[in-house]
Amino acid sequence: MGDDLLAVRRAKLERLRAAGVDPFPHAYPGVEPIAGVRAAHAGLEAGTETEARHRVAGRLHARRGQGKMAFLDLDDRSGRLQLQARADVLGEERMERLLELDLGDLVGVDGVAFASRRGELTLRVEDFAVLAKSLRPPPEKHHGLQDVETRFRRRELDLMANEEARELFLTRAKVITTVRRVLDEAGFVEVETPVLQPLYGGALARPFTTHHNALDRELYLRIATELYLKRLIVGGLERVYELGKDFRNEGISFKHNPEFTMLEWYEAYADYAVAAARLETLVHEVAQAVGYAGELDFAPPWRRVTLGGAIADATGIDVLAHRDRDALAAAIAAAGLDLDTGGRTWPQLVDDLLSKWVEPELQQPTIVMDYPVELSPFAKAHRSEAGLTERFEAFAGGMEIANAFTELNDPDVQRERFEAQARLEREGDEETQPYDEVFVQALEQGMPPTGGLGLGIDRLVMLMTGTRSIREVVLFPAMRD
RNA sequence: GCCCCUGUAGCUCAACUGGCAGAGCAGCGGACUCUUAAUCCGAAGGUUCUAGGUUCGAUUCCUAGCGGGGGCACCA
């Protein structure tokens with residue numbers, strides 16, 4: 001029974017205490033990463049002794065007993081190191097106590113490095129300490145932890161058992177530090193804007209709603225940072241970015257988690273072409289920083305297509321020639337596409353065509369430009385194409401990764417866009433922009449011409465690590481209770 | 001919300017057409033001073049997700065529920 005496994009470990013815990021050993025000491029100073037120990041002895045010939053003493057700490061992963069001598073494997077974040085325990089070095093009593101350790105125990109070791117007869121770098125244990133007794137059995141040592149439910153619900157077990165999981169989240173951290181470095185070096189200021197917002201905005205999505213007791217009012221978890229960041233541009237910060245969680249009350253899929261990490265930046269005196277160039281450079285730098293070696297070529301410039309052209313190429317339908325709902329629905333029906341047009345608005349139909357027939361085909365990084373104004377309430381009208389905006393979305397691996405505009409800064413036009421959103425809502429669109437008067441007033445103060453961009457960090461990490469599910473790159477993905 | 005697949009020992013997996021639920025790892029007892037998925041000997045370890053049903057007999061078939069995966073719907 002499982003209880004027996006736990007009882008055995010509990011009994012060992014009590015034996016340690018009875019022997020005067022603290023199974024949960026307060027600290028263990030002076031630990032060296034295992035990777036550092038390995039680097040110090042790279043190329044050591046098989047059978048060679050050294051006089052180098054090292055202190056390492058980590059989790060006991062395996063044990064190969066030989067009676068009066070045993071080998072053990074110790075894992076830390078940086079790698080795995082073999083330990084050799086010898087009765088003639090430790091003495092009978094400490095040898096016995098060392099062999100009574102359980103796999104999964106946290107252990108600290110002082111030892112002398114040597115290369116075994118087979119050439120394996122090994123630490124001959126001269127002293128050791130239990131750093132924390134593990135009271136539950138670890139996952140299987142060779143196959144690791146496979147069960148996806150346990151891996152996501154109990155990520156600590158996944159990280160402890162599967163080196164790939166540890167590496168993936170180290171890569172994720174490197175993606176984020178690289179993003180910060182590139183933007184900081186380009187003169188951007190990192191800022192923090194409210195997560196709890198009286199009015200949500202900046203994207204088309206349903207929000208999570210919560211309640212503030214003292215104020216006795218509804219608040220929303222943000223679905224985007226856009227409107228607050230543009231107010232900072234009005235204020236004169238000129239180049240700002242925010243890296244943080246957004247929350248969208250929508251379905252869960254391989255590329256959607258209800259809370260996800262978003263980067264948004266805004267740059268005064270720039271337009272969407274500048275944003276596109278910055279995106280290409282940023283993603284390329286990230287790919288280099290994490291050593292990306294997959295199929296995708298992130299080197300700038302990326303392929304550029306127009307939205308109308310891309311949809312026409314994929315479906316034969318010219319959405320710009322069918323500018324109202326019924327005409328477009330008729331064209332879709334005439335083309336024989338498998339798409340239910342009932343109850344869909346014109347912008348929703350365009351979005352359907354894009355997501356079903358265009359997006360899955362966009363494997364190599366591609367910038368899709370010039371979206372209809374109906375889809376883009378915060379984007380400035382195109383400087384030369386009537387009815388379009390200066391907006392692009394970037395795709396890679398068959399997923400949208402970024403969305404950018406030349407920002408709309410004419411307050412009167414912004415008011416009209418909000419009113420158009422309200423009309424769409426009356427037509428049945430559940431994801432429209434609520435009217436944000438404070439934002440319009442900010443624009444009335446004068447916002448410089450601005451280029452802005454949002455980049456989905458989780459999806460970027462998926463691309464960089466070649467994973468197909470957002471749950472693999474989020475430490476604790478959303479699960480049912 | 002709908003459809004399909006799925007749930008067996010702590011972990012990784014078996015169990016043919018409905019016929020005594022098995023193995024490896026881990027754990028337990030023992031042997032072993034260069035192993036590295038160590039090896040060898042021994043003894044253990046199960047509410048087969050839950051609740052019903054069909055049957056002489058259910059891990060297996062049926063119904064419902066719960067969890068997970070995939071898809072659809074929704075979703076920038």
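Lettering of chains follows the sequences in order, A, B, ..., and the numbering in each one begins at 1.
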Is A:R118 close enough to B:rU35 that one of its side-chain N or O atoms is under 4.0 Å from OP1 or OP2 there? yes
Remember a base hit wins even if backbone is also touched, and classify A:L354 as base, sugar-phosphate or nothing at under 4.0 Å, heavy atoms. nothing
Separation of A:F71 atom CZ from B:rU39 atom C1', in whole Å? 14 Å
Has A:T122 got a side-chain atom pairing as donor or acceptor with A:E120's backbone, closer than 3.5 angstrom? yes
Please give the distance between the P atoms of B:rG29 and B:rU47 as a whole number of Å. 23 Å
To the nearest 0.5 Å, what is the distance between CG (A:L354) and CG (A:L349)? 12.5 Å
Comparing A:K68 and A:S469 on RNA chain B - which has the more 5′ nearest nucleotide: A:K68
Could you tell me whether A:F395 contacts a base, only the sugar-phosphate backbone, or nothing, with contacts defined as non-hydrogen atoms closer than 4.0 Å? nothing
Quick one about A:S116 and A:Q82 (side-chain donor to acceptor, distance below 3.5 Å, no hydrogens or angles considered), yes or no? no
Who does B:rA38 pair with, Watson-Crick or G-U, both distances under 3.5 Å? none
Touch check for A:D147, heavy atoms < 4.0 angstrom, all strands: base, sugar-phosphate only, or nothing? sugar-phosphate
What distance, rounded to whole Å, do you find between the two P atoms, one in B:rC40 and one in B:rG24? 10 Å
Nearest-nucleotide 5' precedence on RNA chain B, A:F254 against A:R248: A:F254
Find the partner of B:rG27: check Watson-Crick (N1-N3 plus N6-O4 or O6-N4) and G-U wobble (N1-O2, O6-N3) distances, both under 3.5 Å, and reply none if neither fits. none
Once you round it to whole Å, what is the distance between P of B:rA73 and CG of A:D340? 9 Å
What does nucleotides 21-30 of chain B look like as a protein-contact string, B for base, S for sugar-phosphate only, - for none, at under 4.0 angstrom between heavy atoms? ---BBSSS--
Round to a whole Å and report the spacing from NZ of A:K255 to P of B:rG70. 14 Å
Distance-only, no hydrogens or angles: does the A:E264 side chain make a donor-acceptor pair with backbone N or O of A:T225 under 3.5 Å? yes
Complementary nucleotide for B:rC61 - Watson-Crick or wobble, under 3.5 Å: B:rG53
Find the partner of B:rA14: check Watson-Crick (N1-N3 plus N6-O4 or O6-N4) and G-U wobble (N1-O2, O6-N3) distances, both under 3.5 Å, and reply none if neither fits. none
Need the pair for B:rG1. Rule: Watson-Crick or G-U wobble, both distances under 3.5 Å, any strand; none if unpaired. B:rC72
Taking the C1' atom in each of B:rG27 and B:rC5, what is the distance between them to the nearest angstrom? 34 Å
What's the CD-P distance between A:E156 and B:rC11, to the nearest Å? 14 Å
Just name whichever nucleotide pairs with B:rG67, Watson-Crick or G-U, keeping both distances under 3.5 Å, else none. B:rU6
Can you confirm whether the side chains of A:R417 and A:T389 place a donor and an acceptor under 3.5 Å from each other? no
What integer number of Å spans the C1' atoms of B:rA23 and B:rA14? 7 Å
Report which part of the nucleic acid A:Q146 touches: base, sugar-phosphate, or nothing (heavy-atom distance under 4.0 Å, all strands). sugar-phosphate
Could you measure between the two C1' atoms, the one in B:rU8 and the one in B:rU54, and give it in whole Å? 22 Å
Determine the interatomic distance between C1' on B:rG18 and the same-named atom on B:rG57; round to the nearest Å. 8 Å
Could you check whether the side chain of A:Q84 and the base of B:rU35 have a donor-acceptor pair of N or O atoms closer than 3.5 Å, going by distance alone? no
Nearest-Å distance once atom P is located in both B:rC66 and B:rC20: 33 Å
Do A:E126 and A:R53 meet the salt-bridge criterion of a basic N to acidic O distance under 4.0 Å? yes
Report yes if a side-chain nitrogen or oxygen of A:R153 is closer than 4.0 Å to either non-bridging phosphate oxygen (OP1 or OP2) of B:rG68; otherwise report no. yes
Among B:rU36, B:rC34, B:rC75, which is the nearest nucleotide to the side chain of A:R344? B:rC75
Length of the CZ-C1' vector between A:F152 and B:rG67, whole Å: 14 Å
Once you round to the nearest 0.5 Å, how far does CH2 of A:W265 lie from CZ of A:R278? 7.0 Å
Between B:rC32 (P) and A:L99 (CG): distance, integer Å: 13 Å
Tell me, do A:L337 and A:L353 make a side-chain contact under 4.5 Å, heavy atoms counted? yes
Check the distance between B:rU35's P and A:R124's CZ and give it to me in whole angstrom. 14 Å
Euclidean distance, atom CD of residue A:E149 to atom P of B:rC11 [Å, nearest integer]: 11 Å
Quick check: does any side chain N or O of A:D318 sit under 3.5 Å from a backbone N or O of A:A312, one acting as donor and the other as acceptor? no
Does the side chain of A:E280 reach to within under 4.5 Å of the side chain of A:I367, using non-hydrogen atoms? yes
Taking only the side-chain heavy atoms of A:D88 (C-beta and beyond), determine which of B:rU36, B:rU33, B:rG68 contains the nearest atom. B:rU33
In whole Å, what separates the C1' atom of B:rA58 from that of B:rG52? 13 Å
Across the strands shown, which category fits A:G47 at heavy-atom distances under 4.0 angstrom: base, sugar-phosphate, nothing? nothing
Are any of A:R64's side-chain N or O atoms less than 4.0 Å away from OP1 or OP2 of B:rA38? yes
